[in-house]
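To start, the structure itself, in structure tokens.
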Amino acid sequence: MSAQKELDQQDTSSPVTIAEQPVQVLDADGNVCPNATLPDLSDETLVSMYEDIKLARRFDERAISLQRQGRIATYAPMTGQEGAQVATSYALDEQDWLFPTYREHAAKYVHGVQLASLLKPLRGIRDGYAVPDGVNVMPEYIPIATQVPQAMGMAWGHKLQGKADHAVLCHLGDGATSEGDFHEGLNFAGVFDVPAVFVCNNNQWAISVPRERQTASETIAQKAQSYGIEGVRVDGLDPLAMYQVTNEALNKAKAPAAGERRPTLIEAVLYRFGAHTTADDPSAYRDEDEANEWKAKDPVDRFGKFLYKQGLLDERLEAEMDARIEATISDAIEAAEQAESDPNQLFEYVYDEMPDRLREQRAELDALREKYGDGAFDGVLE
Amino acid sequence: MSAQKELDQQDTSSPVTIAEQPVQVLDADGNVCPNATLPDLSDETLVSMYEDIKLARRFDERAISLQRQGRIATYAPMTGQEGAQVATSYALDEQDWLFPTYREHAAKYVHGVQLASLLKPLRGIRDGYAVPDGVNVMPEYIPIATQVPQAMGMAWGHKLQGKADHAVLCHLGDGATSEGDFHEGLNFAGVFDVPAVFVCNNNQWAISVPRERQTASETIAQKAQSYGIEGVRVDGLDPLAMYQVTNEALNKAKAPAAGERRPTLIEAVLYRFGAHTTADDPSAYRDEDEANEWKAKDPVDRFGKFLYKQGLLDERLEAEMDARIEATISDAIEAAEQAESDPNQLFEYVYDEMPDRLREQRAELDALREKYGDGAFDGVLE
Amino acid sequence: MSSATAPDADTPIEKLTLVEAVCDGLYTEMSRDDSVVVLGEDVGKNGGVFRATAGLYEEFGDERVIDTPLAEAGIVGSAIGLALSGMRPVAEMQFMGFIYPAFDQLVSHAARLRSRSHGQYSVPMVVRAPYGGGIHAPEHHSESKEAFFVHEPGLKVVSPSTPYDAKGLLIASLRDPDPVIFLEPKLIYRAFKQAVPTGEYEVPLSDASVRREGSDISVYTWGAMTRPTLIAADNLADEHGVDVEVVDLRTLSPLDIDTIVESFKKTGRAAVVHEAPKTGGLGAEISSTIQEEALLHQEAPIKRITGFDTPMPLHAIEDFYLPQAVRIQEGILETVQF
Amino acid sequence: MSSATAPDADTPIEKLTLVEAVCDGLYTEMSRDDSVVVLGEDVGKNGGVFRATAGLYEEFGDERVIDTPLAEAGIVGSAIGLALSGMRPVAEMQFMGFIYPAFDQLVSHAARLRSRSHGQYSVPMVVRAPYGGGIHAPEHHSESKEAFFVHEPGLKVVSPSTPYDAKGLLIASLRDPDPVIFLEPKLIYRAFKQAVPTGEYEVPLSDASVRREGSDISVYTWGAMTRPTLIAADNLADEHGVDVEVVDLRTLSPLDIDTIVESFKKTGRAAVVHEAPKTGGLGAEISSTIQEEALLHQEAPIKRITGFDTPMPLHAIEDFYLPQAVRIQEGILETVQF
Ligand SMILES: Cc1ncc(C[n+]2csc(CCOP(=O)(O)OP(=O)(O)O)c2C)c(N)n1
Ligand SMILES: Cc1ncc(C[n+]2csc(CCOP(=O)(O)OP(=O)(O)O)c2C)c(N)n1
Ligand SMILES: [Mg+2]
Ligand SMILES: [Mg+2]
């Protein structure tokens, strides 16, 4: 760059804005906020969104209880975050891709993953991750923030292939913003201007570490400035605000106006109402009063009140909904509990073609199972 | 954090400022800029700083020529960056620590490393990195940005030990800002508020990649906001501005005023006048016109003109200086060229105590050398 | 809970689990040496996700037991800096599967700063990580890739198999002038208790331990696999009259080659048991070393009884992945009957 | 320069150096398959710091030959995403010593996405890196840590030793449905030229190559060490009448165990030559495998002739670190005379 230009402050083709006040559509009582406009959603869609949010809440309760009974392994609850998860996935088109973490069960479900598939990995069965063709959902990302450069790369691939209308939506937590992969992925997104939307679910905690110990930055959205992309703060407990902001970001990603940059970092300001996972006890590190304050903004209540006020919901409809939800979840649990993993799956899909040595190892295991029976393999500690 | 507080935009104990116009003290002709104040430096210091900058320039020429003659290996020139290097090290106190990259030869020299020690590693001899006790300079960092979290950690250690007056100054390049380690280190620095100053020598190029392809951020200084620390842009070709900004940052790191944060990210806006290294040919990727524009702000000329105008320098003094510089460098080259590495150094300092297997390997090599002579080890390709 | 929060000076011995012994080791050394600080994700108020640092925050405060942002390169990189500044940092990686973001800091710097600086600087630091499978954990939570670190000169690698060793090896690691990767077999974090002295003691990083003497075959193992190996040895004695010597390596780098080879020279047969994938695992190093040093004593191929060359599976079938007593027995028998 | 910028359809064969053959391989495959893109630091306008991508930017433009920001996890992570989107990315790591920031993306994701997704997704991607010592490069520029990647199931690891193989193996890697770490021995980037077909051809990733037949001992090696090994073999034939078989492994993961063992069964003696440190290096895997499969043929300890267990030194003494012909000869003789 020329000396004068560089010294005079670099020019920016795309002025970046960071909304300081989080975008909000509904207040805590389900009234539309002054100055807010409702997103353009049909009554049907609004009601179905509510049903999915309720389903998510109920799924969480059931999963926690399954874990307590030892029927599934460690589970990461989403209570408090269901509104954001469901709303962001409602904003996706079918061809768009979703990169979830271990917490985005509802986001995956809404984008096409079967509930039973969500439960299978929790039973240690990996075929739950093998979603059908056309369901554009990646397996959950457990190593924190590693999905960010990959989501960026997939969006880049779409753009390079002239399919910029295939946007990628990538979830991450507040803790994830501290990882190098977050930084590298977002910096690439800015440089290559890819059709990707990064949703940081700032639930105020990374296990026991509070947001203000995670970074000295005032907000997470403002980190977007480092990458020359847009940052937006939104009330993550407000499903309509989440829908609206995500929808706008996705539209911009696919078809930016002149001077607009495609990528957006959305900071969803919300709260993890429950434990980090079923293995965690939040009372060791946080005050339940804090949680209660946030619970007053509960997305289920808030959205429900809105629908009642709009005349889109009544008690009969809600009871029907609850019954449907109950049945759907029970069916899923049953299906998941019937699933089994064959030990031979160990050797499958390591490579496209199984190497000789792996073939031998499979034969070795087969022979042992034959000789001693599968019972002999129970529990390494015996 | 409480729901309302979080939603209302997080409070910040330390308002962060990013200077948009780079700080400048001298104009391109060596006049003091309007509104600028000269740093509080004695005449002697100013002249000695100039001499060191000139020495750096000359060292660069000699090193490039040594490399051409095959007397040293690949060398990373600093021409254009000597002013910034010398000035930042002048701002250091003796107890302060320096974390250099492969390019900060002059910064190391000024902080106490012998010139001959700088040359030895270029001859493949590592004892050049073993600086005397009390010279607080780390060996150069080659893997980009890896020094950032380490510098942060050392500053943190000083603070935890109640020695916050031992500041750490960490150099990095513009390319380094893309690495995860940059992000993680600066984020830690902000969270733990450590006495560290990070100097990004934004020389506009990371080998062949121009600054504007490195990040879509407007400036590098503004990335400080992501970490809740101060960011400053400074004319890196202006040694007095560099001194002033670094000095202030170091003072703040050691003794912050109420509400101030200790760490600072300084963006030194400058230019790599020459090749990335002696192995690089910049004409493959950049226009020499660009370089020429920056060369008009040459730190040596500029600072020299200033000293002449201030009556601190004349031709006789400058000639004496040049002679001293020539002698100093020639002595250093001679010393470095006399140095040798014993092959047994391979096995030394891998661990505090040499493991048995290493002892055996050393014996094995010794026996071979004894039997065949060191000549038998010349060049793997023979 | 462990003695960490309230050590009892009058009782010289107490029964601790392995994870309690780790905590006690940290407590003991932090009490003695102010320069020891613990840092990592959730190690403070929360006491660590496995409670390996439980009570330390309350005892030593937030300047010595430090919750960090979620960034492993930041944790290890800053720990290197802390060590350079004269402190003795103990960095916790929450699981070994999350150590990889810090890989560069470990192999390019922690391992090499001493030699790079011609002995001028060093990095006395311990990086702790729970490792290994068998607890029905999610993906990435069951890694055992100790071989990565053994292949990097300048690092030491340690893995205890008992509470007593856990404390003693940890204290020795904390006092070691070189960086130590301290791998804790989380499968046996709470599997059993053992008498552990309350005060300070070291188990040296130089010595493997013969856990069971035997004359027919030497079986080398470490960490969580020591138990099924000992069980297999007992079974084989009972059922087949095979007399197995079990050598717990304890320190994986540098290896105690003398003990390894001495045992082999006695038995002439060997197997190695580890959780990591077979190819490129530490089993290869051990059997390769043995045949170099004692081929003339070798009566059978040295058998590797290891994880398969696949990623660690989700937990439904992890018991088929890990070397079980049944696989260990079969492997030993095959070797003995060769 | 290489044929990359102007391949000549009429000349089916041209003399290329190894680095030119790499470039030609990229050119050939990019010409055939639009989905192949090259990304990395300085691979575009600058043509790569070793000129391995010279001319490609001019030929294929900045959407297929892409200069990225300086961030290896970003490069490999985004390449994984590109592969998932249906492209065939070739990511360049400027030197193997700078691959570690991307280690997590490689081992936790590239290697595992196929198995994680139960076969639904895969990562057909090539990560190229110049590796090895001997060129008087600065620190970190001479790594040869292929063993790290061989120990991670799901990755393939390839290292050519000739221009012909470089092109053929690279094309095979680009067409492979799994992620390949393609390690280029930069010591011999320009050491010699060889006849290389201008069109497309594959050298399969499954086969080691017997470079020299012999009856007294099998010596296994790969990459840059193939040359001094062949020289040592010739010297030994001349000076000692020892008949050495030299096996160039070419693909390091999965290993061509059949060829390795077959050769050994013929000779009964073996050595492995590699640059990496001895402990935990691939030599251990090879000798361990041989004694498992062919102990009854073994007449001497399998010798590892390798880098020492130290960091790669600065260049003044690197010739003492690397296995030289003299060390190779001595090691072979010792084994033959055992
Ligand atoms: C690289 C890595 N380090 C550590 C962990 C262990 N871990 C799992 S979840 C978690 C906290 C994540 O916090 P955040 O990003 O805020 O997401 P949240 O769980 O709150 O949704 C940690 C430290 C991990 N999974 N990956
Ligand atoms: C982790 C890593 N990746 C790649 C390299 C190769 N490399 C050496 S210098 C350089 C460019 C650095 O640019 P910048 O940070 O701007 O510093 P400058 O050289 O301009 O001073 C690169 C890519 C490296 N040394 N380390
Ligand atoms: Mg969180
Ligand atoms: Mg630069």
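Numbers restart at 1 for each chain; the letters A, B, ... are given by sequence-line order, proteins then strands.
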Give the member of D:P177, D:S108, D:G81 that has the highest number of heavy-atom pairs under 4.5 Å with chain A.
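Answer, by heavy-atom pair count under 4.5 Å with chain A: D:G81.
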Side chain, backbone, both or neither: which part of [X] has an atom under 4.5 Å from a heavy atom of chain D?
X: A:D127; answer: both
X: A:V350; answer: both
X: A:P121; answer: neither
X: A:D356; answer: side chain
X: A:R357; answer: side chain

[X] versus [Y]: any side-chain heavy-atom pair under 4.5 Å?
X: A:M154; Y: D:I80; result: no
X: A:P139; Y: D:H118; result: no
X: D:I66; Y: A:W156; result: yes
X: D:L39; Y: A:F192; result: no

Is the side chain of [X] donor-acceptor paired with the backbone N or O of [Y] at a distance under 3.5 Å, no angle test?
X: A:Q161; Y: D:S85; value: yes
X: D:D178; Y: A:D352; value: yes
X: A:Y351; Y: D:L155; value: yes

Closest non-hydrogen atom pair, D:I75 against A:F188:
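In this case the closest contact between D:I75 and A:F188 is N-CZ, 3.7 Å.
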Which atoms of [X] approach chain A - backbone, side chain, both or neither, heavy atom under 4.5 Å:
X: D:Q105; result: side chain
X: D:D258; result: side chain
X: D:D62; result: neither
X: D:L70; result: neither

Given A:Y129 and D:L113, is the side chain to side chain contact (heavy atoms under 4.5 Å, CB included) satisfied, shown in steps?
CA-CA 10 Å; A:Y129 289 144; D:L113 268 159; over 6 Å; no
Using a heavy-atom distance cut-off of less than 4.5 Å, which residues of residues 165-178 of chain A contact chain D?
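If one takes a 4.5 Å heavy-atom cut-off, no residue of residues 165-178 of chain A lies near chain D.
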Is there a side chain to side chain contact (heavy atoms under 4.5 Å, CB included) between A:R126 and D:S115 once you walk through the steps?
CA-CA 9 Å; A:R126 82 174 173 203; D:S115 62; 3.7 Å; yes
For D:K45, does the NZ atom have more than 12 heavy-atom neighbours from other residues, nucleotides or ligands under 6.0 Å away?
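12 or below, so no.
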Enumerate by number any residue of residues 281-289 of chain D whose heavy atoms lie under 4.5 Å from heavy atoms of chain A; in the absence of such residues, state 'none'.
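Under the 4.5 Å heavy-atom cut-off, D:E285, D:T289 qualify.
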